[in-house]
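Note sheet for the following structure.
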Number of protein chains: 2
Amino acid sequence: MLTDRQLLILQVIIDDFIRSAQPVGSRSLSKKEEITFSSATIRNEMADLEDLGFLEKTHTSSGRVPSEKGYRYYVDHLLSPHTLKMHDIELVKSVFAEKIYELEKIVQKSAKILSELTSYTTIVLGPGVLENKLRRLQIVPLNKETAIAIIVTDTGHVENKMITIPPSVDVNEIEKMVNILNEQLIGVPLVELTDKIYREVAFLLSRHIKSYDEVIKILVQSLKLPGHEKMFFGGKTNMLQQPEFHDIDKIRTLLSMIDHEKGMFDLLEKSPAGIHVKIGRENQISAMENCSLITASYSIGEEKVGTIAILGPTRMQYSRVISLLDLFSHDLSSVLTRLYQNK
Amino acid sequence: MLTDRQLLILQVIIDDFIRSAQPVGSRSLSKKEEITFSSATIRNEMADLEDLGFLEKTHTSSGRVPSEKGYRYYVDHLLSPHTLKMHDIELVKSVFAEKIYELEKIVQKSAKILSELTSYTTIVLGPGVLENKLRRLQIVPLNKETAIAIIVTDTGHVENKMITIPPSVDVNEIEKMVNILNEQLIGVPLVELTDKIYREVAFLLSRHIKSYDEVIKILVQSLKLPGHEKMFFGGKTNMLQQPEFHDIDKIRTLLSMIDHEKGMFDLLEKSPAGIHVKIGRENQISAMENCSLITASYSIGEEKVGTIAILGPTRMQYSRVISLLDLFSHDLSSVLTRLYQNK
DNA sequence: GTTAGCACTCTTTGTTATTGAGTGCTAATT
DNA sequence: AATTAGCACTCAATAACAAAGAGTGCTAAC
């Protein structure tokens with residue numbers, strides 16, 4: 001539906017605007033190497049592209065600026081593959097070069113490096129813990145009324161939670177229960193724990209444990225898992241450098257959105273496997289009107305366990321960020337798979 | 001050295017400027033109830049106060065603005081005690097009303113509420129974990145090479161750390177060691193652990209444990225505690241609302257300073273017990289030139305375990321913030337003392 | 001179909017004038 | 001001797017205006 005020339009013009013305009021953040025005029029376009037026709041021709045084409053909704057003007061006699069539809073088309077059809085610099089690749093690899101085994105640390109460092117490489121904001125979700133398998137359950141009494149329940153998963157993740165013990169329950173009973181549970185439940189994915197307890201272990205417990213009713217309550221209480229995975233941020237304030245956010249009000253709503261973790265979580269959680277680009281209002285959040293979000297998933301083996309996202313202005317270096325995320329999510333996945341899959 | 005009238009004028013100017021953020025002129029001052037003398041008199045006094053370094057002008061014919069020295073004097077000598085509104089007190093109490101026992105949650109919620117009450121930024125440091133006493137040490141093997149070391153303290157705090165196990169070491173040996181250690185070390189403050197191990201337990205271990213040298217290495221590795229206490233933030237973006245930070249560059253340096261936790265930590269860590277006010281450059285950090293930091297300590301029993309701080313513009317509501325912090329640190333201390341001291 | 005040419009639009013920048021809140025100083029008043 | 005009224009002066013902020021420049025759309029020529 002678009003002619004080759006229109007595509008070329010659209011692409012060059014968007015490339016130029018991404019670089020300069022300034023509306024692009026016909027005259028400056030006509031000077032580019034790729035462009036062999038006159039500014040008048042470009043003007044005509046630009047008018048057509050505007051009618052079609054790919055470009056916009058900031059005022060009647062201004063140069064053109066890509067619309068959301070324009071970016072969408074650009075991302076879907078015009079993206080020229082970006083070759084990463086050696087330096088970039090090395091930095092990415094450096095995250096995985098050190099012998100860090102703690103998953104959270106890897107993830108946190110990832111967020112930091114990615115935000116430095118892009119000068120946008122990085123958000124990493126997960127790795128999810130619900131699919132992890134139980135390695136050890138421990139209940140450590142602190143005093144008469146309280147105890148700490150600790151869950152260790154096969155990925156080395158530790159969850160802990162303070163619980164209250166009703167006075168009727170004997171500490172020894174709890175210890176007994178914990179022993180039984182460890183025997184029965186090791187290797188069971190955390191999501192299935194409660195279910196499995198009711199189906200298979202409850203019977204066993206009822207035979208060996210005195211105040212069964214009370215104890216089972218504590219158990220369920222301590223297995224109640226964190227509602228959602230952890231999020232890690234990098235470069236939260238990077239958006240302040242972007243010229244489109246030189247307005248205090250915009251930056252305030254954006255930053256407080258970023259800090260309001262729940263909303264961010266909802267946004268990332270539903271992102272599917274693979275790399276995806278959401279442009280401006282496609283994100284359904286008014287604070288993100290001028291932002292794009294690129295998400296990539298990472299996995300252990302075949303199973304998706306988390307999401308990496310880069311938040312930038314709609315005027316984002318899509319090509320570069322996609323290449324980086326692609327490299328990164330693959331490397332992260334393979335490291336995690338190597339570390340945590342075969343046990 | 002200052003006359004009563006000068007003190008009055010200084011106080012009224014600072015109060016007014018804190019409220020309005022606008023330079024205060026002689027005419028508007030003369031209209032205040034407290035002021036019974038003419039604008040000309042005020043002008044003369046203001047000139048004197050400026051000569052003494054308590055006031056400044058933004059330009060030759062502008063009204064006066066407090067200098068850092070002015071704020072200092074105001075905080076030290078002129079602060080009128082602020083009576084908190086019922087509503088404020090209720091909000092503070094609400095943090096402690098719920099039956100939350102997890103220390104970190106209490107602290108986190110505190111940061112949030114305080115930032116909402118003040119519309120400044122809240123930073124909470126601690127509670128320190130080094131003085132806590134060991135309740136349980138646990139090492140959970142994940143696979144041949146790695147294991148998770150878990151430390152539970154008497155305050156219910158859980159630290160965990162991934163460690164690598166050299167191939168020469170038998171998992172059973174580790175288990176044996178952990179049992180010995182739990183017998184010997186429960187109740188010992190975390191800071192003293194390593195010391196105590198070398199002094200008293202090493203001998204015991206060397207008798208019972210085969211590959212003693214290797215095992216002790218793992219042990220020390222797993223007891224290496226986090227270099228410093230955790231920090232919690234509230235209202236990180238609140239400073240964006242302050243008119244003195246309507247400048248993008250200022251806000252950027254400030255926010256990135258806040259996000260750079262190390263620097264913040266250094267700032268808070270050395271703050272002594274009680275409530276203290278650091279004004280502007282007294283903080284020794286250029287990004288905080290226009291900021292004041294009010295710190296308060298909180299404690300378990302008699303022992304200081306952490307710091308609450310409020311970061312605001314130098315044009316801060318000192319009186320109100322001090323009252324809030326005072327109330328807060330006392331309440332927090334008494335709750336913590338009740339929960340964690342008597343065991 | 002393309003492009004040169006031109007009138008027109010709108011932002012940006014700079015200049016100038018005006019206003020108003022404020023000061024400092026002097027002289028009059030208490 | 002301290003206070004205050006009065007006045008000349010300063011400076012930021014605002015508005016009004018002009019000029020420049022980058023851009024457009026349209027028409028007519030190529």
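In this text the structure is predicted, and so the values were computed from the model without any measurement. Only heavy atoms go into these numbers, but all of them, side chains included; no hydrogens, no water, no symmetry mates.
OP1 or OP2 of C/dT2 lies within a sub-4.0 Å distance of a side-chain N or O belonging to A/Arg5. Phosphate proximity of D/dA12 to B/Ser62: absent, as no side-chain N or O sits under 4.0 Å from OP1 or OP2. Side-chain N/O atoms of A/Ser26 include one lying less than 4.0 angstrom from OP1 or OP2 on D/dT24.
Rounded to whole Å, atom P of C/dT23 lies 13 Å from atom CD of B/Glu45. Atom CD1 of B/Ile35 and atom C1' of D/dT4 are 15 Å apart (whole Å). Put simply, CZ on A/Phe17 is 13 Å from P on D/dG23, counting in whole angstrom units. Distance B/Gln22 CD to D/dA12 P: 15 Å, rounded to the nearest Å. Between B/Asp51 atom CG and C/dC25 atom P the separation is 10 Å, expressed in whole Å. Rounded to an integer number of Å, the gap from NZ of A/Lys57 to C1' of D/dG23 is 9 Å. Here the P atom of nucleotide C/dG20 and the NE2 atom of B/His59 are 16 Å apart, to the nearest Å. Between A/Arg27 atom CZ and C/dG5 atom P the separation is 13 Å, expressed in whole Å.
Comparing C/dT3, D/dG25, C/dG24 against the side chain of B/Glu50 picks out C/dG24 as the nearest. Which of D/dT24, C/dT3, C/dG24 sits closest to the side chain of A/Asn44 comes down to C/dT3. Checked against C/dC25, D/dT24, D/dT10, the side chain of B/Thr60 finds its nearest nucleotide in D/dT10. When each of D/dT24, D/dT4, D/dT10 is scored by its nearest atom to the side-chain atoms of A/Met46, the top-ranked nucleotide is D/dT24. Considering only side-chain atoms of A/Ser38, the nucleotide from C/dT3, D/dA5, C/dG22 that sits closest is C/dT3.
In this structure, the side chain of A/His82 does not engage the main chain of A/Leu79 through any donor-acceptor pair within 3.5 Å. The backbone N or O of A/Glu68 sits nowhere less than 3.5 Å from a side-chain atom of A/Arg281 that would complete a donor-acceptor pair.
A 6.0 Å sphere centred on NE2 of A/His246 holds more than 12 heavy atoms belonging to other residues, nucleotides or ligands. The environment of NZ in B/Lys57 is crowded: more than 12 heavy-atom neighbours from other residues, nucleotides or ligands sit within 6.0 Å.
Interface remark: the A/Arg64 side chain does not form any donor-acceptor pair with the D/dG25 base, using a distance-only criterion of under 3.5 Å. One donor-acceptor pair, N or O on each side, does fall under 3.5 Å between the base of D/dG25 and the side chain of A/Arg43.
Under a 4.0 Å N-O distance rule, the pair B/Lys270/B/Asp266 does not qualify as a salt bridge.
Toward the 5′ end of DNA chain D lies the nearest nucleotide of B/Ser39, the other residue of the pair B/Ser39 and B/Thr58 mapping further downstream.
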